[in-house]
Amino acid sequence: MPAPVALVDCNNFYASCERVFQPELRGVPLVVLSNNDGCVIARSNEAKALGIAIGEPWHMVRERLGAKIPRMRSSNYTLYGDMSARVMRILADFTPDLELYSIDEAFLGLAGFEQRLETHARMLRQRVLQWTGIPVSVGIAATKTLAKVANHRAKKDQACAGVCVMLDGAAIDAELGRLPLTDIWGIAGRLARRLASLGIETPLALKQTDARFIRERFSVTLERTVRELQGWPCIALEEAPPDRKTIIASRSFGRMVTERREMEEAVASYASRAAEKMRRQQLAAGRIMVFVQTDPFRPQDAQYARERVLALPVATADTGIIIVAAHRALGAIWRPEFHYKKAGVMLLDLVKADRVQGGLFDRPDSARSQACMRALDKLNRRFGRDTVSYAAAGVRPGWSMQRGSLSPRYTTNWDELLTVGDTPHQPGRC
DNA sequence: TCTGGGGTCCTAGGACCC
DNA sequence: TCTGGGGTCCTAGGACCC
């Protein structure tokens with residue numbers, strides 16, 4: 001019998017966070033909106049009852065509900081991150097085996113608590129509510145996938161009062177027979193349709209399917225889901241979060257961008273944000289990708305979407321270099337004739353910074369550092385303001401360079417890269 | 001001049017998660 | 001008029017190199 005695992009999930013997390021500090025939002029329909037107040041990303045129970053869907057455009061909600069329009073808040077990720085950290089610190093008091101799964105969810109290994117699972121869970125729930133004001137639901141089962149199912153039940157079934165321990169075989173099967181396939185972790189619309197076409201229409205039917213058959217017809221991932229439904233843990237608790245493999249900074253624009261200069265500023269700021277995130281995680285990037293796209297919701301406009309990947313000469317966490325490289329990548333895909341709705345910067349091939357044996361700057365007065373600073377100056381002059389500060393660019397000693405330890409495929413020429421500021425755009429050339 | 005296999009990289013897209 | 005952002009994993013064709 002494997003140790004039980006709990007999934008703790010904050011109810012309507014973003015909406016609940018807003019309510020903690022704004023009591024007038026309690027008990028009324030409330031939605032939290034995405035960037036530019038574009039669409040709904042969180043709903044209170046009262047808003048769910050109005051039939052508002054996640055991802056529904058805000059303007060459509062307003063049109064549809066007219067006088068019954070819910071309260072709304074623009075999203076505030078700083079607040080949510082802070083509240084999340086507070087909740088997670090409390091959870092850590094309830095188990096030594098904690099996996100922070102997302103901003104509002106955590107898995108808890110409960111080895112040693114087998115005899116008092118329910119009371120333990122109720123204490124946890126009570127303390128989180130009392131100390132943070134955030135209501136949570138707790139689902140406990142033999143595997144992560146089943147803990148998700150139990151959590152779902154804890155949320156939906158009033159009788160559970162927020163906690164559901166699901167360890168009894170008959171009770172599990174009854175629940176799995178009731179749910180749609182898409183309520184199972186890892187199964188969305190496409191997979192559910194493919195399964196249904198084989199006569200597998202409920203999680204219970206999936207559980208009773210031969211796992212090897214599933215691996216052959218689908219994938220090893222879905223096979224794991226089957227075994228997890230059967231009660232065999234296949235997805236381990238990951239207490240130390242794995243390092244990120246990519247970091248993205250992107251935004252939809254509030255209005256169409258048509259000027260290259262405007263796009264350059266946007267991309268520079270995304271590059272800078274992505275690099276900051278990366279340095280916070282002690283990582284360095286081997287490649288950078290920049291993408292731009294028009295508005296797919298305007299079919300009457302000419303559509304265009306391109307991305308350009310650029311290998312950096314060495315893996316680096318240096319904001320200045322990232323910005324210069326992003327600028328260069330943008331030059332390769334920019335076409336003046338389109339109206340752009342979105343752009344972004346992705347950092348790829350991330351490696352531990354301490355294994356890089358150096359980002360770019362061995363000494364601030366090295367030739368390369370000087371070249372980079374000149375490139376930054378050029379960018380700043382071009383944009384007419386301090387787009388990139390040296391401090392933000394991380395121009396400082398602390399990384400010593402050792403080319404020999406780096407992958408030989410990072411062969412881009414720095415001198416070429418750093419002249420980006422004044423090379424005119426040449427189609428097809430990067 | 002013709003033949004071919006294997007490997008990596010780039011670009012693009014799909015499916016899933018929160 | 002108004003349609004999110006940040007992730008993971010996988011697939012596939014073509015370019016290019018050896």
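All chains are named by letter (A, B, ...) in the order of the sequence lines, taking the proteins before the strands, and each is independently numbered beginning at 1.
In this structure, A:Arg298 places its CZ atom 6 Å from P of C:dC2, rounding to the nearest Å. Protein atom NE2 of A:His339 is 16 Å distant from nucleotide atom C1' of C:dT1, rounded to whole Å. Atom pair A:Met60:CE and C:dT1:P shows a separation of 15 Å (rounding to whole Å applied).
The pair A:Asp295-A:Arg298 does not meet the salt-bridge criterion, since no charged nitrogen lies less than 4.0 angstrom from a carboxylate oxygen. Ionic pairing of A:Glu228 and A:Lys207 is not present here: no N-O contact between side-chain nitrogen and carboxylate oxygen is shorter than 4.0 angstrom.
Side-chain contact between A:Leu117 and A:Leu110: present, with at least one pair of heavy atoms (C-beta onward) separated by less than 4.5 Å. Side-chain atoms of A:Lys144 and A:Trp185, non-hydrogen and from C-beta on, do get closer than 4.5 Å to each other.
Judged purely by distance below 3.5 Å, without hydrogens or angles, the side chains of A:Ser137 and A:Asn151 never pair a donor atom with an acceptor atom. Between the side chains of A:Glu18 and A:Tyr80, at least one donor-acceptor pair of N or O atoms lies under 3.5 Å. Side-chain contact of A:Arg73 with A:Gln22: a donor-acceptor pair under 3.5 Å is present, judged by distance alone.
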statement: 5' to 3', nucleotides 5-11 of chain C under a 4.0 Å protein heavy-atom cut-off (B base, S sugar-phosphate only, - none) gives SSSSS--
- request: List the protein contact pattern of nucleotides 13-18 of chain C with one symbol per nucleotide (5' to 3'): B for base contact, S for sugar-phosphate-only contact, - for none; contact means a heavy-atom distance under 4.0 Å.
  value: ------
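Residue A:Glu56 is out of contact with every strand shown, counting any heavy-atom pair closer than 4.0 Å. Within 4.0 Å of A:Ile54, counting heavy atoms only, lies no atom of the nucleic acid at all. At a threshold of 4.0 angstrom between heavy atoms, the contacts of A:Leu33 with the nucleic acid are absent.
Aromatic rings of A:Tyr77 and A:Tyr14 (six-membered ring for Trp) have centroids within the 6.0 Å cut-off, being under it. The ring of A:Phe291 has its center no closer than 6.0 angstrom to the ring center of A:Trp334.
Cation-pi geometry between A:Lys341 and A:Phe253 is not met: the NZ or CZ atom fails to fall both under 6.0 Å from the ring centre and inside 45° of the normal.
If you take atom P in B:dC17 and the same atom in C:dT3, they sit 25 Å apart, rounded to whole Å.
Secondary structure note: stems in DNA chain B built from 3 or more consecutive Watson-Crick or G-U wobble pairs under 3.5 Å occupy B:5-18 with C:5-18.
Crowding of A:Arg217 atom CZ: a count of heavy atoms from other residues, nucleotides or ligands under 6.0 Å not exceeding 12.
OP1 or OP2 of B:dA12 sits under 4.0 Å from a side-chain N or O of A:Arg306.
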